[in-house]
Undergrad: 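Handing you a structure now.
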Protein chains: 2
Amino acid sequence: MNEADIFKALADPTRRQMLERLSGGERNATELREGLAMSQPAVSQHIAVLRGAGLIEEEKSGRQMRYRIRADGMAPVVDWLTRYRGFWPERVERLKTLLREMDQ
Amino acid sequence: MNEADIFKALADPTRRQMLERLSGGERNATELREGLAMSQPAVSQHIAVLRGAGLIEEEKSGRQMRYRIRADGMAPVVDWLTRYRGFWPERVERLKTLLREMDQ
DNA sequence: AAAAAACATAAGAATCGACTTATCTATTCA
DNA sequence: TGAATAGATAAGTCGATTCTTATGTTTTTT
């Protein structure tokens, strides 16, 4: 729930890939595992880290778990980032472009 | 320079503290070490990680190095974040507001 | 010129993180 | 009911990180 746990969670490429996948909608653990060359427990452990960081939430559905991105999960990171806004001016052009995209 | 290196660099609390300190202005390595219960080489190694991630830059000044936050160092993180903008609407609004302020 | 100061690099120890296999629970299906 | 499926947890291995001490380089001070 704090930025420390979140940055640690995001430091791993597998977990970032899982988030990427979840950004396309809910997935269960088996679906999250697809294409990943690792065991089921490894996936389960990654999921635990993401949940511990508050980045995902889950819902039990029969014998499977449906995972989804937690809406406010990234908030501490955004807050943290804005502390460095004083250093962004040189990148404004690029950020403006992003902003325009976000507005669509 | 990519988000992988940046998230790894940010995963360490000592390095985040150093960035925090640098957000108050330029510091040399000795100043960055103040208050940290670790050896000089440990500090030097953390600095190397931050530089490797593109988060800080340096300037030699006599026998000391002046470090400062690199203006667009955090840009890949912002880019990465905006890919998930659909999942944390309210925080993105704040970010957008900030960017608009900078735009003026 | 010698000593001190600021920092980097090397090598090794200790700790942490990401995996593995084995096993457990809960649910569904035959 | 018994077998299969979905997932979590436990314990151990291994490589990556984060420290340490030792030492090297460059610049400043005396």
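For the numbers below, each heavy atom of this structure counts, side chains included, while hydrogens, waters and symmetry mates do not. The chains referred to below are lettered A, B, ... by the order of the sequence lines, with proteins before strands, and numbering in each begins at 1.
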Undergrad: Please work out which residues in residues 37-54 of chain B have a non-hydrogen atom less than 4.0 Å from an atom of DNA chain D and list them by number.
TA: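 Within residues 37-54 of chain B, the residues near DNA chain D are B/Met38, B/Ser39, B/Pro41, B/Ala42, B/Gln45, B/His46.
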Undergrad: Can you sort out the partners of B/Gln64 under side chain to side chain donor-acceptor pair (under 3.5 Å), two or more places apart, ordered by chain and number?
TA: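 Checked B/Gln64 against side chain to side chain donor-acceptor pair (under 3.5 Å); matches are B/Asn28.
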Undergrad: Tell me, please, which residues at least two apart from B/Arg70 pass side-chain contact (heavy atoms from CB on, under 4.5 Å).
TA: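 With sequence neighbours excluded, B/Arg70 shows a side-chain contact (heavy atoms from CB on, under 4.5 Å) to B/Met1, B/Glu57, B/Asp72, given in chain and number order.
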Undergrad: Check side chain to side chain donor-acceptor pair (under 3.5 Å) between B/Glu20 and all other residues, then give those that pass, not counting sequence neighbours.
TA: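 For B/Glu20 the side chain to side chain donor-acceptor pair (under 3.5 Å) partners, ignoring immediate neighbours, are A/Arg83.
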Undergrad: Please confirm whether the backbone N or O of A/Lys8 pairs with a side-chain atom of A/Asp5, one donor and one acceptor, at under 3.5 Å?
TA: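 Between the backbone of A/Lys8 and the side chain of A/Asp5 there is no qualifying donor-acceptor contact (under 3.5 Å).
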Undergrad: If the condition is side-chain contact (heavy atoms from CB on, under 4.5 Å), which residues does A/Arg63 pass it with, not counting sequence neighbours?
TA: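 A/Arg63 satisfies side-chain contact (heavy atoms from CB on, under 4.5 Å) with no residue once adjacent residues are dropped.
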Undergrad: Under 3.5 Å, which donor-acceptor pairs do the side chains of residues 43-55 of chain B form with other protein atoms, sequence neighbours left out?
TA:
unit_1: B/His46; atom_1: ND1; unit_2: B/Arg15; atom_2: NH1; d: 3.1
unit_1: B/Arg51; atom_1: NH1; unit_2: B/Glu58; atom_2: OE1; d: 2.4
unit_1: B/Arg51; atom_1: NH1; unit_2: B/Glu58; atom_2: OE2; d: 3.1

Undergrad: Are B/Leu19 and A/Trp80 packed together at the side-chain level, in the sense that at least one heavy-atom pair is separated by less than 4.5 angstrom?
TA: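 A side-chain contact under 4.5 Å exists here.
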Undergrad: For DNA chain C, which residues of residues 4-18 of chain A approach it to below 4.0 angstrom with any heavy atom?
TA: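 A/Lys8, A/Asp12, A/Arg15 - these, ordered by number, are the residues of the stretch whose heavy atoms sit under 4.0 Å from the strand.
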Undergrad: Charged N to carboxylate O under 4.0 angstrom, B/Arg68 versus B/Glu26?
TA: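 Looking at B/Arg68 and B/Glu26, the cut-off is met.
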Undergrad: Listing time: all N or O pairs from protein to nucleotides 26-30 of chain D that are below 3.5 Å?
TA:
none

Undergrad: Restricting to pairs with a member in residues 27-36 of chain B, which pass salt bridge (Lys or Arg N to Asp or Glu O under 4.0 Å), not counting sequence neighbours?
TA: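 For residues 27-36 of chain B, and leaving out neighbouring residues, there are no salt bridge (Lys or Arg N to Asp or Glu O under 4.0 Å) pairs at all.
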Undergrad: Does B/Arg16 use its side chain to pair, donor to acceptor, with the backbone of B/Leu10 at less than 3.5 Å?
TA: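 Yes, B/Arg16 side chain to B/Leu10 backbone: donor-acceptor pair under 3.5 Å.
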Undergrad: Strictly by salt bridge (Lys or Arg N to Asp or Glu O under 4.0 Å), give each pair with a member in residues 41-50 of chain A just once, sequence neighbours left out.
TA: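 Passing the test, one end in residues 41-50 of chain A: no pairs.
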Undergrad: Atom CZ of A/Arg66 and atom P of D/dA6: how far apart are they, to the nearest Å?
TA: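 Nearest whole value for this atom pair: 13 Å.
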Undergrad: Strictly below 4.0 Å: does A/Tyr67 bring a side-chain N or O up to OP1 or OP2 of D/dA8?
TA: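 Yes, such a contact exists.
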Undergrad: Residues of residues 20-31 of chain B with any non-hydrogen atom less than 4.0 angstrom from an atom of DNA chain C: list those, numerically ordered, please.
TA: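 Within residues 20-31 of chain B, the residues near DNA chain C are B/Asn28, B/Ala29, B/Thr30.
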Undergrad: Please examine the side chains of B/Pro76 and B/Ile6, heavy atoms only from C-beta on, and report whether any two atoms are closer than 4.5 Å.
TA: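 Answer yes - side chains close enough.
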Undergrad: Could you pull out all residues at least two apart from A/Arg21 that satisfy salt bridge (Lys or Arg N to Asp or Glu O under 4.0 Å)?
TA: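 Checked A/Arg21 against salt bridge (Lys or Arg N to Asp or Glu O under 4.0 Å); zero matches.
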Undergrad: Can you tell me the distance, in whole Å, between the CD atom of B/Glu34 and the C1' atom of C/dA6?
TA: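 Rounded to the whole Å, the gap is 14 Å.
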